[in-house]
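Since this is a predicted model, take the numbers as computed values, not measurements. Every chain is numbered from 1, with letters handed out A, B, ... down the list of sequences.
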Amino acid sequence: MEERLIDDSIANIKIEIQGRGAQEVPSGTTAQHFLDDIGGRLKKEALAAKLDEDVIDLHTPLYRSGKLQFLTFENNEGAEALRHTASHVMAQAVKRRYENVKLGIGPAIKDGFYYDFDFDKPLSPEELEIIENDMQAIIKEDLPLERFEISREEAQKLFEERGESYKLELIADLEDRETITCYRQGEFIDLCAGPHLPSTGRLKTVKLLNLAGAYWRGDENQPMLQRIYGTAFPKKKMLEEYLYRLEEARKRDHRKLGRELDLFSFHDEGPGFPFYHPKGIVVRRELESFWREKHRKYGYQEVETPIILNKELWEKSGHWDHYQENMYFTRIDERDYAIKPMNCPGSMLIYKMGMHSYRDFPLRLAEMGLVHRHEKSGTLHGLMRVRSFTQDDAHIFMLPEQIEPEVEGVMELVDIFYNVFGFKYHVELSTKPSKSMGTPEMWEKATAALQNVLENKGVEFKINEGDGAFYGPKIDFHLEDSLGRTWQCGTIQLDFQMPVNFDLTYVGADGQKHRPVIIHRVVYGAMERFIALLIEHYAGAFPLWLAPIQVIVIPITDKQHHYALEVYDVLNHHGIRAELDTRSEKVGYKIREAQVQKIPYMLVVGDREMNAHEVAVRSREKGDLGPLPLDIFLKQVQEEISDKKR
RNA sequence: GCCGGUGUAGCUCAGCGGCAGAGCAGCGCAUUCGUAAUGCGCAGGCCAUGGGUUCAAGUCCCAUCGCCGGCUCCA
C-alpha cells in the first residue's frame, strides 16, 4: 500500500472479494464501501481489512487492485487493530488530562495493549479509572481516525512542536523511509503505521488493567517510563469472560497453591531460596525417579559434582569473565571459591580423569545438580525464578559427526517427557550473545548444526537473536504458565568452547588426539520451575503417580476405625501413599477437606463396606464411584500409577 | 537492579489519628453421623523492621527488608 500509483485518482482498480467475484471501482474507494454493500454481520464485525498481504484500514482509500479480505476480532490482525486504536484513545485521554506528558510507544499485544508515557509525576493506580472514564468520553465523541503521510521533515517538525522527544527518536530510526505515516483523531496525532478502526466510536469495551514501569526501548540505561496495560473487546460480554478467565488463572498460581497444598515455602531469611515441605518433596522425588529411569534407558550415566569449587576452575571455564555477576563466592583457608552456577566445569573434571576413545562416544554424563545464581531481586517469582535450583543436567561428549543425531535424540527425549504431562511447548533457537567466547566461525558452525536438526525434523521454531549461552548457541523449549507467560525449561546447548578451555581430548581411529564436542542439555530445566509449571498446569490436582497423598481412607463412625486401619495398612504396604482420617467429623466434612486438598481417591468405609470387605470409592474428579472390593481397587490404583495416567 | 503498589492472627481480609477485630484454620468438650463445611467454648498479635511527626500512630512521614505487577536479565 506504500507504492500508490501517481495521479491515478481517475483510473479504476479491480478489487476481488472472496465469494463475490471481482469488481471494478474508481481508485480511492475504501474497504468500507464494499462492506456497506455486503452489510449484515460482517459489516458490523469487520475491524480492518487486508488487500493481498497488506493489512489496511477500512476507511483508507484504495489505490491499487488486489484481493480484499475483511478482518474481524476473530483474526489476530483484526483484534490488533481494535486494541491498537484503544491504545491511541488511551493516549489521547492521558494527553488531555495531564500536562507535559510525553508519548513512548503503544502497541497491541496478546490479549490487549499498552502505552508507555513519560509523566512529570508518577501515576497512581486509582487514576486508571479516571483515564478509563475519559476514554469512554472519547469513544462517545466518535472521532474519525485519519491516516496521513508526511515527509520526514514535516514529521520531525510536527513532533518537535508537540514536544514528543521519544517520537523524534523513533522517526530518526525510520532512516530508509521517505514518508512517514501518522494517524489523527481530533486533536491527537500519533506516529503510527496502523491500521486502525475508522472512528473511536467503533470501540465498544475498554478496560485499563495495570500500571508498570518499563525502560524506554527496553534498555536499562534509558529512562524509565510508565506503562499502562489495558484491553479491549468488541463485546462487553467478552471482556467479562476474559476477566473471569484471568481470575480463574490466578487461582492456579503455583505460589497460592503451593501454600494451600503445603508443598513449599519461602522465607525472609533466604529470599529466592525455596524450602520444600514433605508433600512438595514427594512430587519432586517422583519426577526425579521417572527421570532416572528414562535416562538409564537412553544411555546416560549419572554423576554428582561438588557445589563449591575454587576460583581457578571458574577462570578456566570462562565463568569468571562471563558470568561473575551472577555468581556467589566464598573463602576457604584464605583461598577464593565459587558456589557453582552451572554444572559443566565439574563434569569436565570427571571427563579429564582418564583417556577417552572415540569408541566410548557419545559419552552421556547426567547430573541432578544444585546450582546457585544471583538473580536480581526484582526478578524473583515463586518457584519459577529462584536463586538456587536443581538442573536435570547432562553433558554429552561426542564426535563432531555425532552432533546432529545427538541433538535429535535429546529433542525426542524432551518431547517424550513433556507429553507425559500433556504440556504444549514452543521451541526457540538462541544465537550468539554480545558477551561470548569463541570464534565467529565456531558460532556459525554450531548455530547451523542446531538449525539443521530443527529444519530436518520439521519443528517450528522462532529465532531468539543474541540469547545463547556465552559458550554456544542453544535450542530452548518454552512452557506456558497459567497466565500465558512463557518460561524456558528444556534447553540443548552446543559447545565447542569448553573442550578448548579444559583441553579435552579423545583418541580417534587414527591414534591421534582430537577435540570432542559437548552438548549441555536439560529436559525439565530446573526442578523448581518445572514443578511450578506442573502445579499451574494441573491446578494443583496432580495425577495419581505424582499426588503427595494418593488415597485417603474415611471411616464414617468410630465403629469402622478398625477396618479403616486395615484398609490403610494394606494400601500402605503396597506402596500407596495413603492417609487415614479418624477424626470425629461427619463424612461430608472429611470429604470436603480431601477435595480441597485435591486427593485423587477417597475411600469411604461404613458398616456396609466393612461387612463386605469393600471400599466405597470416590474420585476427586468424578465423585462417588460406588463400592469395590479392596483388592480390585488396589489393582486399579497400581495400574493407574504405573501408567502415569493423566 | 529499576518503576509503581503492598505488608494487621497460620490463611483471607476489615480497621486509616483515640482500648487491635471478623470468618476460616488450630485446640478443648459434646456429637457417631453415608459422599464438598455439626454445635458450644478457648486460645491466637512487638499491626514487617528501624527512625520521625503528634498529647496520642496499624493509621501520617522517611528509610530498610520482604512480597505483588511490569521492565531488564535468565533454567
- Are A/Gln226 and A/Asp116 close enough that a side-chain donor and a side-chain acceptor fall under 3.5 Å?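 Note: A/Gln226 and A/Asp116 side chains miss the donor-acceptor criterion.
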- Pair A/Thr491-A/Asp476, side-chain donor/acceptor within less than 3.5 Å: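 Side-chain D/A pair, A/Thr491 to A/Asp476: present.
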Assign [X] to base, sugar-phosphate, or nothing according to its heavy-atom contacts below 4.0 angstrom with the strands shown.
{"X": "A/Gly378", "answer": "base"}
{"X": "A/Gly606", "answer": "base"}
{"X": "A/Tyr229", "answer": "sugar-phosphate"}
{"X": "A/Glu325", "answer": "nothing"}
{"X": "A/Asp476", "answer": "nothing"}
{"X": "A/Met527", "answer": "nothing"}
{"X": "A/His267", "answer": "nothing"}

- Message: A quick test of your reading: do over 12 heavy atoms of other residues, nucleotides or ligands sit less than 6.0 Å from NE2 of A/His267?
- Response: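 Result for NE2/A/His267: enclosed.
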Rounded distance (Å) that lies between atom [atom2] of [N] and atom [atom1] of [X]:
{"X": "A/Gln222", "N": "B/C2", "atom1": "CD", "atom2": "C1'", "result": "13 Å"}
{"X": "A/Lys376", "N": "B/C3", "atom1": "NZ", "atom2": "P", "result": "13 Å"}
{"X": "A/Arg217", "N": "B/C2", "atom1": "CZ", "atom2": "P", "result": "24 Å"}
{"X": "A/Asp219", "N": "B/C3", "atom1": "CG", "atom2": "C1'", "result": "15 Å"}

Tell me which nucleotide among [options] gets nearest to the side chain of [X].
{"X": "A/His381", "options": "B/G34, B/G26, B/G69", "result": "B/G69"}
{"X": "A/Ser584", "options": "B/G69, B/C33, B/G34", "result": "B/C33"}
{"X": "A/Glu585", "options": "B/A36, B/G70, B/U38", "result": "B/U38"}
{"X": "A/Arg583", "options": "B/G26, B/C67, B/A36", "result": "B/G26"}
{"X": "A/Val587", "options": "B/C33, B/C71, B/A75", "result": "B/C33"}
{"X": "A/Asp558", "options": "B/A37, B/U32, B/G1", "result": "B/U32"}
{"X": "A/Pro125", "options": "B/G34, B/G5, B/C2", "result": "B/G5"}
{"X": "A/Met224", "options": "B/C3, B/U32, B/A36", "result": "B/C3"}
{"X": "A/Ile556", "options": "B/U72, B/G4, B/C33", "result": "B/C33"}

If only side-chain N and O atoms of [X] are considered, is one of them under 4.0 Å from the OP1 or OP2 phosphate oxygen of [N]?
{"X": "A/Arg227", "N": "B/G4", "result": "no"}
{"X": "A/Arg521", "N": "B/A75", "result": "no"}
{"X": "A/Ser377", "N": "B/G1", "result": "yes"}
{"X": "A/Gln488", "N": "B/A75", "result": "yes"}
{"X": "A/His520", "N": "B/A75", "result": "no"}
{"X": "A/Arg485", "N": "B/G69", "result": "yes"}
{"X": "A/Arg255", "N": "B/G69", "result": "yes"}
{"X": "A/Tyr589", "N": "B/U32", "result": "no"}
{"X": "A/Lys474", "N": "B/A75", "result": "yes"}

- Message: Holding to ring-ring contact (aromatic ring centres under 6.0 Å, His included), I want the full list of residues that pass it with A/Tyr115, two or more places apart in sequence or in another chain.
- Response: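 Scan of A/Tyr115 (ring-ring contact (aromatic ring centres under 6.0 Å, His included), adjacent residues dropped) gives A/Phe117.
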- Task: Between A/Ala616 and A/Gln226, name the one whose nearest nucleotide on RNA chain B is closer to the 5' end.
- Result: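 First, find each residue's nearest nucleotide; the 5'-ward one identifies A/Gln226.
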- Item | Of A/Val386 and A/Pro122, the one whose closest RNA chain B nucleotide lies more 5' |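 Final value for this comparison: A/Pro122.
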- Task: Inspect the contact between A/Glu406 and A/Arg364 and indicate whether a charged nitrogen and a carboxylate oxygen are less than 4.0 angstrom apart.
- Result: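 Answer for the salt bridge query: yes.
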- B/A63 pairs with, by Watson-Crick or G-U criteria that keep both distances under 3.5 Å: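 Per the H-bond distance test, B/U49.
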- State the syn/anti category of B/G21 according to its glycosidic angle, syn meaning within 90° of 0.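 Anti, angle beyond 90° from zero.
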Sub-3.5 Å pairs of nitrogen or oxygen atoms, protein against nucleotides 40-50 of chain B:
none

Which donor-acceptor pairs under 3.5 Å do side chains of residues 367-380 of chain A form with protein atoms, sequence neighbours excluded?
unit_1   : atom_1 : unit_2   : atom_2 : d
A/Glu367 : OE1    : A/Thr305 : OG1    : 3.2
A/Glu367 : OE2    : A/Thr305 : N      : 2.7
A/Glu367 : OE2    : A/Thr305 : OG1    : 2.9
A/Glu367 : OE2    : A/Lys340 : NZ     : 3.0
A/Arg373 : NE     : A/Tyr323 : OH     : 3.3
A/Arg373 : NE     : A/Pro341 : O      : 2.9
A/Arg373 : NH1    : A/Tyr323 : OH     : 3.4
A/Arg373 : NH2    : A/Pro341 : O      : 3.2
A/His374 : ND1    : A/Tyr328 : OH     : 3.2
A/Lys376 : NZ     : A/Glu220 : OE1    : 3.4
A/Thr379 : OG1    : A/Lys376 : O      : 2.7

- Residues two or more places apart in sequence or in another chain: which of them pass side-chain hydrogen bond (donor to acceptor under 3.5 Å, both in side chains) with A/Ser87?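 For A/Ser87, no residue satisfies side-chain hydrogen bond (donor to acceptor under 3.5 Å, both in side chains) once neighbours in sequence are set aside.
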- Start with the C-alpha gap between A/Met327 and A/Ile339, add the side-chain angles, then the distance that decides, and say whether side-chain contact (heavy atoms from CB on, under 4.5 Å) holds. CA-CA 7 Å; A/Met327 291 167 68; A/Ile339 324 265; over 6 Å; no
Show me the donor-acceptor pairs within less than 3.5 Å that the side chains of residues 596-605 of chain A make with the rest of the protein, sequence neighbours left out.
unit_1   : atom_1 : unit_2   : atom_2 : d
A/Gln597 : NE2    : A/Glu260 : O      : 3.3
A/Tyr601 : OH     : A/Glu640 : OE1    : 2.6

Distances under 3.5 Å between protein N/O atoms and the N/O atoms of nucleotides 9-12 of chain B, please, pair by pair.
unit_1 : atom_1 : unit_2   : atom_2 : d
B/U12  : OP1    : A/Arg259 : NH2    : 3.0

- Query: Just wondering, do A/Phe389 and B/A75 stack (centres under 5.5 Å, planes under 30°)?
  - Reply: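 Here A/Phe389 meets both the 5.5 Å and the 30° conditions.
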